[in-house]
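Here's the structure we're looking at; comments come further down.
Please read these numbers as outputs of a predicted model, since none were measured by experiment.
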Amino acid sequence: MRTEVLEKLRNQLKLSKDDFANQIGLTLSDYNMFIHNTEMLPAQTVIKVKTIMLDEEQKNLEEFYNRFANQKSSIFTSNKILSHFDKLRDYLCPETRKEVGPVTVEMHPSTFCNHACPGCTFSVKELSPQQKHNFDMKLLPNLVEDMKTLGVKGVNLSGGGEPLCHPKWQEIIRALNQHFDVGLITNGQLLKDPKPVIDYCQWVRFSVDAGSDTVYKEMHGNVADFDETVAAIERAVQCKRENNSDITIGVSYLLTPYNYLDVLPAINTFRKIGVDYIQIKPIVLFPEDRLNLAFIFWDKEIFSLLSNVSAYSTDTFKVYTISYKFAELIKYEKTGIPFKKCYGHALYPTITSEGVVLTCCFKLNDYNNGSKSGYYGKITADNRLIDIWNSDYRYKQGEELNTRYCPINCKIAETNKILMELETNKVQHSSFIN
C-alpha cells in the first residue's frame, strides 16, 4: 500500500484523523506513524481497511455505473456467442455437445517475453528455463488441418509470453490466415515491420496500460520503453493507411488503482496517432487477489474518470470502458461467480507454446505448477489436436471444471452466463415468439 493511501481514503470518507484511526482500530499516535509506514500495519487493521475499501468501491460503482453502462460496442459486445447459431444448436444438445469444436482458439506462440510486468497474469518471468518454449513449427500444418475440421472461426495469438518473441511469428500468422480470422495481442515493442500484421490479421491490440514512460515501466518493467512502443504503433497505423487496410488497430489499458491517472495522457497520445480505439478494463483478478489492498477500486476519482472518458471518442477513435468487467468485481465479490461450471469451455480453449491444450488461458499457471485441472492433453506428432478433442478425457475435464478458483472477471464470463441461461431455462412453446 502506498504511503498516501490511508490519508486519501480518510479524506474520501470525510473523517477526522481521530475518527478514522478509531474506525480501523488504531490510536491517533499509531495512525500518524503508520501513514508513512503502511507495510507495517497490524493484520487486524489491514482487514478493517480492506472492508472499508470494498464498501467504498461498491458505493462508487453504484453511483457511476449507470453513467457508462450503456456504451455499445460491436467489438467488445458480451453476446458474440449468439452469432454462432450452428455451434449453439449442437452445443446445447446433450447428444451432440461432445463433438462441437471451438469458435475461437487462443494460441500462445511463445512463453518468452521481452517485458517483465510485475503483475503478469502468467508469471512468465518466474518460469524455469525448462518451462519456456517456442511453438514447434512442425506441429503447425496438422494443427491448422485439425482446427479446420473442428470448425474453428478465429485464432487469437497472445500470451503466455510475447507472441513476437517466436522467431517465426510471421509464418504462423500467414499459415493461420489462409483458413481463419487472426487477431494479435502484443506489447508491440518488437514490431519493427508491421506489414505482416497489417496483411494477415483482422485486428491487432497493443497492451500498453500507460500514457508515460514512468508508468509504463511500473506496469511492464524497467526493460519496457514507452517511446519505442509508441513508435511501433505509429508504424502500424501508417502501414494500415498506406495499404488501405481494414485491419482494426487498438490499444488496451488494464486499469489499476495506481495507473488510472495516466489514462487521459494515453487517450490523447493514441488518438493523435490514429488508432481505432483504446480499451479500458480492470486487471484480471483471481479471488485471492482481492486480499491485496492494491487491487481494490475504492478511489472515487477512478470512477469519476471512467464515467467521463467516452467524451474523448470521435468518429474515427473510440474510448471503450468495458463496464461490465468493473461491475463483476464487486457483484461477485459478495455472491461468487454465478456459474458453478464452465458452460463455454469447449468454445474458447487455449493452446500453449508447448502444445498443451487447456480449457482456457487461466489454467496455464495451474499446469506450470503441476496441476492437471483444465488440462486436455499435449499436441505431438502422434497425438494431434483432433485426437485430444475427440477423447472422453477432454470432454470430462471441461464438464467437471471447478470454477471456484476462476478469475472474478473471466474472459468468457458473459458467454457462460448466456449459455447457463439457455441450458438451465429451457424455452417452452418455442414456435410462438410473442
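Atom-to-atom distance recorded for Ile267:CD1 and Ser310:OG is 9.0 Å, nearest 0.5 angstrom. How far CD1 of Ile24 is from CD1 of Ile47: 13.0 Å, rounded to the nearest 0.5 Å. Taking CG of Leu419 as the reference point, atom OG1 of Thr415 lies at 6.5 Å (rounded to 0.5 Å). A distance of 12.0 Å separates SG of Cys342 from CD of Gln397, quoted to the nearest 0.5 Å. Here the straight-line distance linking atom OG1 of Thr248 with atom CZ of Arg205 works out to 10.5 Å at 0.5 Å rounding. Going from atom OG1 of Thr104 over to atom NZ of Lys153 covers 10.5 Å, rounded to the nearest 0.5 Å.
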side-chain contact (heavy atoms from CB on, under 4.5 Å) between Trp203 and Ile185, worked out: CA-CA 9 Å; Trp203 57 266; Ile185 298 176; 3.7 Å; yes

So Lys396 and Glu399, salt bridge (charged side-chain N to carboxylate O under 4.0 Å, His left out) or not? Walk me through it. CA-CA 5 Å; Lys396 186 176 180 183; Glu399 290 294 293; over 6 Å; no

One pair to check against side-chain contact (heavy atoms from CB on, under 4.5 Å): Asp262 and Tyr216. What are the steps and the verdict? CA-CA 9 Å; Asp262 241 29; Tyr216 192 52; over 6 Å; no

For Lys411 and Cys360: C-alpha separation, side-chain torsions, deciding distance, then whether side-chain contact (heavy atoms from CB on, under 4.5 Å) applies. CA-CA 9 Å; Lys411 282 186 178 181; Cys360 69; over 6 Å; no

Pair Thr359-Tyr376, side-chain contact (heavy atoms from CB on, under 4.5 Å): steps then yes or no: CA-CA 7 Å; Thr359 52; Tyr376 287 158; 3.2 Å; yes

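In terms of heavy atoms, Asn134 sits closest to Pro167 at ND2-CD, 3.6 Å. Summarising the geometry of Trp389 relative to Gly101, their closest heavy-atom pair is NE1-CA, 3.7 Å, with the distance given to 0.1 Å. Pairing each heavy atom of Val223 with each of Asn114, the nearest pair is CG2-O, 3.2 Å. For Ala266 against Ile278, the heavy-atom pair with the smallest separation is CB-CD1, 4.2 Å. Between Leu184 and Cys201, the closest heavy-atom pair is CB-SG, 4.2 Å. When all heavy atoms of Asp209 and Val215 are compared, the pair lying nearest together is O-CG1, 4.2 Å.
Thr111 and Gln131 share no side-chain donor-acceptor pair at under 3.5 Å. A donor-acceptor contact closer than 3.5 angstrom links the side chains of Lys363 and Ser373. Glu162 and Thr186 are linked by a side-chain donor-acceptor pair at a separation below 3.5 angstrom, with hydrogens and angles left out of the test. A side-chain N or O of Asn259 and one of Thr256 form a donor-acceptor pair less than 3.5 Å apart. With hydrogens and angles left out, the side-chain atoms of Ser207 and Asn187 include no donor and acceptor closer than 3.5 Å.
Other residues, nucleotides and ligands place more than 12 heavy atoms under 6.0 Å from the NZ atom of Lys192.
The pair Asp213-Lys217 meets the salt-bridge criterion, with a side-chain N (NZ, NE, NH1 or NH2) lying under 4.0 Å from an Asp/Glu carboxylate O. We find that Lys98 and Asp392 are joined by a salt bridge, their nearest charged nitrogen and carboxylate oxygen being less than 4.0 Å apart. A salt bridge links Lys148 with Glu145; the closest basic N to acidic carboxylate O contact falls under 4.0 Å.
Looking at Asp146 and Ile388, their side chains never come closer than 4.5 Å, going by heavy atoms from C-beta outward. In this structure the side chain of Leu358 never reaches within 4.5 angstrom of the side chain of His108, judged on heavy atoms. Proximity of Lys240 to Asp276: side-chain heavy atoms (C-beta onward) are separated by under 4.5 Å at one or more points. At a threshold of 4.5 Å between non-hydrogen side-chain atoms, the residues Tyr367 and Thr352 do not count as touching. Taking 4.5 Å as the limit, some side-chain heavy atom of Gln12 sits within range of a side-chain heavy atom of Asn60. The closest side-chain heavy-atom distance from Met147 to Leu385 is below 4.5 Å. At least one side-chain heavy atom of Trp169 sits under 4.5 Å from a side-chain heavy atom of Leu191. For the pair Val49/Met53, a side-chain contact is recorded, criterion being any heavy-atom separation below 4.5 Å from C-beta on.
Partners of Lys168 under the side-chain contact (heavy atoms from CB on, under 4.5 Å) rule, at least two apart in sequence or in another chain, are Met137, His166, Glu171. Phe135 meets the ring pair (Phe, Tyr, Trp, His ring centres under 6.0 Å) test with no other residue; sequence neighbours excluded. With sequence neighbours excluded, the residues satisfying side-chain contact (heavy atoms from CB on, under 4.5 Å) with Lys378 are Glu354, Val356, Tyr375.
A cation-pi arrangement, defined by a distance under 6.0 Å to the six-membered ring centre and an angle within 45 degrees of its axis, is present between Lys341 and Tyr343.
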